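It should be emphasised that the depicted structure is a prediction, and the values quoted were computed from it without experimental measurement. Basis for what follows: all heavy atoms, side chains included, without hydrogens, waters or symmetry-related copies.
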Amino acid sequence: QVQLMESGGGLVQTGDSLRLSCAASGRTVSSYAMGWFRQAPGKERDFVASISWNSAYTYYADSVKGRFTISRDNAKNTVYLQMNSLKPEDTAVYYCAVSRLRLATLAREYDYWGQGTQVTVSS
């Protein structure tokens with residue numbers, strides 16, 4: 001089975017940057033799509049970004065496009081989310097996910113989920 005562990009969250013101020021990491025263990029996920037989702041208190045879990053198995057395709061939510069960058073290092077079995085120009089509305093628990101598909105953009109397409117890491121952006 002696949003286990004995912006997110007790291008890199010924290011408390012920052014508006015305009016700051018954070019880099020989230022998600023390390024997969026249990027098996028190689030180099031042939032699988034990976035993505036990031038986030039959930040704010042009292043709200044639904046929303047799509048943030050996804051990346052295809054070979055990094056050929058990336059997709060972003062409109063709310064983060066131009067500010068966030070998703071990348072992966074298959075040799076390290078890890079996916080990253082570089083978050084720049086952070087805003088208070090980015091405050092949420094961020095979840096890493098893996099899909100057995102080569103490319104996936106919907107939450108229902110993802111099979112494995114991490115426990116999340118808190119990102120808080122103060123004004």
Side-chain angles (χ1 to χ4, degrees):
Q1 61 179 352
V2 177
Q3 292 85 39
L4 301 173
M5 183 175 293
E6 302 96 336
S7 62
L11 174 62
V12 298
Q13 294 183 328
T14 297
D16 285 352
S17 296
L18 279 175
R19 191 191 194 203
L20 305 183
S21 298
C22 174
S25 61
R27 67 167 296 160
T28 297
V29 296
S30 59
S31 63
Y32 298 161
M34 302 185 79
W36 290 93
F37 294 78
R38 66 187 183 186
Q39 188 167 23
K43 307 202 74 175
E44 296 281 289
R45 183 175 296 182
D46 292 328
F47 169 76
V48 176
S50 65
I51 187 167
S52 63
W53 70 283
N54 60 356
S55 299
Y57 304 99
T58 57
Y59 295 90
Y60 299 93
D62 288 341
S63 58
V64 307
K65 195 172 298 181
R67 299 189 297 121
F68 291 10
T69 302
I70 188 171
S71 62
R72 66 191 296 165
D73 185 342
N74 284 344
K76 296 181 179 179
N77 227 27
T78 298
V79 65
Y80 306 94
L81 185 68
Q82 178 67 45
M83 305 185 295
N84 297 328
S85 302
L86 283 163
K87 306 173 181 179
E89 50 262 46
D90 295 318
T91 295
V93 176
Y94 283 70
Y95 297 92
C96 172
V98 170
S99 171
R100 286 175 288 181
L101 301 173
R102 303 296 183 92
L103 175 65
T105 58
L106 303 176
R108 60 179 173 83
E109 295 178 314
Y110 285 83
D111 303 288
Y112 309 101
W113 296 82
Q115 294 184 4
T117 185
Q118 177 70 47
V119 172
T120 302
V121 185
S122 63
S123 58

If a pair satisfies salt bridge (charged side-chain N to carboxylate O under 4.0 Å, His left out) and one of its residues is in residues 85-96, list it, with sequence neighbours excluded. Arg38-Asp90, Arg67-Asp90
Least distance between heavy atoms, Gly116 atom then Val93 atom: CA-CG1, 3.8 Å
Pairs in or reaching into residues 114-123: which pass salt bridge (charged side-chain N to carboxylate O under 4.0 Å, His left out), with residues at least two apart or in two chains? none
State whether the side chain of Asn74 and the backbone N or O of Trp53 hold a donor-acceptor pair below 3.5 Å, judged by distance alone. yes
Heavy-atom nearest pair, Ala49 first then Leu81, reads CB-CD1, 4.2 Å
Would you say Val64 and Tyr80 are hydrophobically clustered, going by side-chain heavy atoms of ILVMFWY under 4.5 Å? no
For Thr91, enumerate each residue passing the side chain to side chain contact (heavy atoms under 4.5 Å, CB included) test, keeping only those at least two apart in sequence or located in another chain. Gln118, Thr120, Val121
Taking every non-hydrogen atom, the tightest pair across Gln39 and Lys43: NE2-O, 3.0 Å
With sequence neighbours left out, which residue pairs that include part of residues 31-71 fulfil the disulfide bond (SG atoms under 2.5 Å apart) condition? none
Enumerate the salt bridge (charged side-chain N to carboxylate O under 4.0 Å, His left out) contacts for residues 106-119, please, sequence neighbours excluded, ordered by first and then second residue. Arg100-Asp111
Side chain to side chain contact (heavy atoms under 4.5 Å, CB included) filter on Lys65, not counting sequence neighbours, yields Tyr60, Asp62
Members other than Met5 in its cluster, when Ile, Leu, Val, Met, Phe, Trp, Tyr link by side-chain heavy atoms under 4.5 Å? none
Can you give me every donor-acceptor pair (side chain of residues 11-22, partner residue at least two apart or in another chain, under 3.5 Å) with its distance?
residue: Thr14; atom: OG1; partner: Ser122; partner atom: O; Å: 3.0
residue: Asp16; atom: OD2; partner: Gln13; partner atom: N; Å: 3.0
residue: Ser17; atom: OG; partner: Asn84; partner atom: OD1; Å: 2.9

Does anything in residues 86-112 form a ring pair (Phe, Tyr, Trp, His ring centres under 6.0 Å)? List the pairs, not counting sequence neighbours. Phe37-Tyr110
Looking only at non-hydrogen atoms, find the nearest pair between Ser52 and Leu103 and report the distance. CB-CD1, 3.9 Å
Please check if Phe47 and Phe68 belong to a single hydrophobic cluster, counting links between Ile, Leu, Val, Met, Phe, Trp and Tyr side chain heavy atoms closer than 4.5 Å. no
Sequence neighbours excluded, which residues qualify as side chain to side chain contact (heavy atoms under 4.5 Å, CB included) partners of Ala75? Asp73
Quick check against the 3.5 Å criterion: does Ser50 have a side-chain atom that pairs as donor or acceptor with the backbone of Ala104? yes
Give every residue pair that meets the disulfide bond (SG atoms under 2.5 Å apart) criterion with at least one member in residues 24-53, sequence neighbours excluded. none
Show the nearest heavy-atom pair for residues Ala92 and Ala40, with the distance to one decimal. CB-N, 3.8 Å
Cys96 versus Trp36: any side-chain heavy-atom pair under 4.5 Å? yes
Residues forming a side chain to side chain contact (heavy atoms under 4.5 Å, CB included) with Ser55, sequence neighbours excluded: Ile51, Arg72
So does Ser30 get a backbone contact from the side chain of Thr28, meaning a donor-acceptor N/O pair under 3.5 Å? no
